[in-house]
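These values consider heavy atoms only, across backbone and side chains, with no hydrogens, waters or symmetry-generated copies.
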Amino acid sequence: MSLTHNRMVANILDVYDTSTRDERLRGAQWYPLAHNIVLEWADTFERSIANVACIVAAISPQVEWTRNLIIADDILRGYPPSISSAIQRNLRIAEAIRDANATSLDGYFFVGCKVRSFAANLAGNFDVVTVDTHAAQIAAGDPRANLRVGTWKQYEPVASAYVMAARELRVEPSTLQATTWLTWKRMYPPEQKRVIRRKDR
């Protein structure tokens with residue numbers, strides 16, 4: 001799918017315009033609350049903020065946030081994960097980051113655009129945009145879209161569209177991403193997406 005920068009910005013703004021007051025409030029709170037958890041754990045476990053953020057982010061691919069936190073807490077305590085769902089390779093990476101007291105994901109993920117951005121957000125950098133599947137679909141303006149963001153060359157145009165849209169709205173880029181993510185999930189819940197995809201076959 002080929003999309004211009006302006007088209008992606010417009011698509012993101014359209015979804016933000018559809019957001020409810022509650023979604024905007026929760027969107028504005030999401031990353032600060034997540035950052036506060038990282039701060040608390042850094043203090044509790046006597047680790048750097050960056051180290052804790054990297055551990056949490058390493059677990060995150062394909063893992064729901066509440067489960068992400070439970071697993072991260074287990075790993076920080078030196079326990080085996082008490083619940084499943086995380087990718088085994090990512091669990092090993094998170095444990096390696098813990099053991100090495102690593103403060104970046106260099107050498108742990110070959111590219112990891114989304115994971116690196118998420119770690120930055122968790123560490124308190126709210127100018128960075130975490131682009132997951134939903135965020136990419138929002139930029140594409142289509143719940144069926146499979147907009148590839150696996151390399152920095154693919155990822156950066158989408159992230160920069162969020163930054164530009166956030167500038168227009170005068171909100172932080174991470175706040176815009178979180179708000180539109182919540183709105184998109186309401187607009188296109190999993191079952192509705194499955195129906196849409198079946199119709200396209």
Side-chain angles (χ1 to χ4, degrees), residues 8-9 11-45 47-76 83 85-86 94 103 105 112-139 141 143 149 155 158-190 192-193:
M8 287 193 287
V9 171
N11 289 338
I12 294 164
L13 291 172
D14 284 346
V15 175
Y16 185 83
D17 286 344
T18 309
S19 63
T20 65
R21 181 178 178 181
D22 177 66
E23 286 163 348
R24 294 184 187 187
L25 178 62
R26 288 189 290 138
Q29 293 175 336
W30 204 95
Y31 282 107
L33 288 173
H35 177 56
N36 284 341
I37 292 171
V38 169
L39 292 178
E40 289 175 12
W41 279 347
D43 184 55
T44 299
F45 298 106
R47 292 178 171 274
S48 70
I49 295 168
N51 177 247
V52 175
C54 286
I55 291 169
V56 177
I59 299 163
S60 67
Q62 300 179 35
V63 179
E64 185 271 329
W65 177 238
T66 302
R67 299 177 77 84
N68 193 156
L69 292 177
I70 293 169
I71 296 167
D73 184 63
D74 289 335
I75 287 176
L76 285 163
I83 58 173
S85 74
T103 57
L105 295 172
C113 311
K114 180 258 182 185
V115 179
R116 290 171 186 267
S117 298
F118 193 42
N121 286 154
L122 294 174
N125 184 346
F126 301 142
D127 291 329
V128 172
V129 180
T130 296
V131 180
D132 65 359
T133 302
H134 301 293
Q137 289 176 350
I138 291 164
V149 289
Y155 190 97
V158 181
S160 66
Y162 275 90
V163 171
M164 180 59 70
R167 192 173 298 160
E168 289 191 26
L169 294 167
R170 297 185 179 181
V171 299
E172 290 175 321
S174 58
T175 293
L176 175 59
Q177 181 266 311
T179 302
T180 53
W181 190 93
L182 291 167
T183 305
W184 195 254
K185 293 276 283 185
R186 169 178 56 79
M187 292 169 64
Y188 299 104
Q192 186 173 349
K193 281 189 177 182

| task | For Tyr16, check ring-ring contact (aromatic ring centres under 6.0 Å, His included) against everything at least two apart and list the hits. | result |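 If we apply the ring-ring contact (aromatic ring centres under 6.0 Å, His included) test to Tyr16, skipping adjacent residues, there are no hits.
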| request: Please list, chain by chain and in numerical order, all residues satisfying ring-ring contact (aromatic ring centres under 6.0 Å, His included) with Phe118, sequence neighbours excluded. | output: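 Listed in chain order: Trp65.
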| field | Trp41 vs Ile55, side chain to side chain contact (heavy atoms under 4.5 Å, CB included): CA-CA, chis, key distance, verdict | value | CA-CA 11 Å; Trp41 279 347; Ile55 291 169; over 6 Å; no
Can you give me the closest heavy-atom contact between [X] and [Y], atom names plus distance?
{"X": "Ala53", "Y": "Val38", "result": "N-CG1, 4.0 Å"}
{"X": "Leu122", "Y": "Ala57", "result": "CD1-N, 4.0 Å"}
{"X": "His35", "Y": "Ala123", "result": "CE1-O, 3.1 Å"}
{"X": "Cys54", "Y": "Ala119", "result": "CA-CB, 4.3 Å"}
{"X": "Thr179", "Y": "Ala28", "result": "OG1-N, 4.1 Å"}
{"X": "Leu182", "Y": "Gly27", "result": "CD1-N, 3.7 Å"}

| request: For Gln29, look at atom CD and say whether over 12 heavy atoms of other residues, nucleotides or ligands are found less than 6.0 Å away. | output: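 More than 12 heavy atoms, drawn from other residues, nucleotides or ligands, come within 6.0 Å of this atom.
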Distance, nearest 0.5 Å, that separates [atom1] of [X] from [atom2] of [Y]:
{"X": "Thr183", "Y": "Asp14", "atom1": "OG1", "atom2": "CG", "result": "12.0 Å"}
{"X": "Met187", "Y": "Gln137", "atom1": "CE", "atom2": "CD", "result": "11.0 Å"}
{"X": "Glu23", "Y": "Trp184", "atom1": "CD", "atom2": "CH2", "result": "13.0 Å"}
{"X": "Thr180", "Y": "Tyr162", "atom1": "OG1", "atom2": "OH", "result": "4.0 Å"}
{"X": "Glu64", "Y": "Leu69", "atom1": "CD", "atom2": "CG", "result": "8.5 Å"}
{"X": "Ile12", "Y": "Met164", "atom1": "CD1", "atom2": "CE", "result": "11.0 Å"}

| said: If you apply the rule side chain to side chain contact (heavy atoms under 4.5 Å, CB included), what do you find for Leu33 with Ile37, and how did you get there? | reply: CA-CA 7 Å; Leu33 288 173; Ile37 292 171; 5.8 Å; no
| task | Give me the ring orientation class for Phe126 and Tyr31: parallel if the planes are under 30° apart, tilted from 30 to 60°, perpendicular past 60°. | result |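 Ring orientation, 0 to 90° scale: tilted.
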| said: Set out, in order, the CA-CA distance, both residues' side-chain angles and the distance that settles side chain to side chain contact (heavy atoms under 4.5 Å, CB included) for Thr18 and Arg186, then state yes or no. | reply: CA-CA 10 Å; Thr18 309; Arg186 169 178 56 79; 4.1 Å; yes
| request: Please tell me if the side chains of Leu39 and Asp43 come closer than 4.5 Å, counting only heavy atoms from C-beta onward. | output: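 SC-SC contact between Leu39 and Asp43 ruled out.
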| query | Hey, are the side chains of Trp30 and Ser174 touching, using non-hydrogen atoms and a 4.5 Å cut-off? | reply |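 They are not in side-chain contact.
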| said: One pair to check against side chain to side chain contact (heavy atoms under 4.5 Å, CB included): Phe45 and Asn51. What are the steps and the verdict? | reply: CA-CA 11 Å; Phe45 298 106; Asn51 177 247; over 6 Å; no
| Residue pairs, two or more places apart or on separate chains, that pass side chain to side chain donor-acceptor pair (under 3.5 Å) and touch residues 113-131 |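 Every side chain to side chain donor-acceptor pair (under 3.5 Å) pair that includes a residue of residues 113-131, provided the two are not neighbours, is Ser60-Lys114, Asp106-Arg116, Ser117-Tyr155, Asn121-Thr130.
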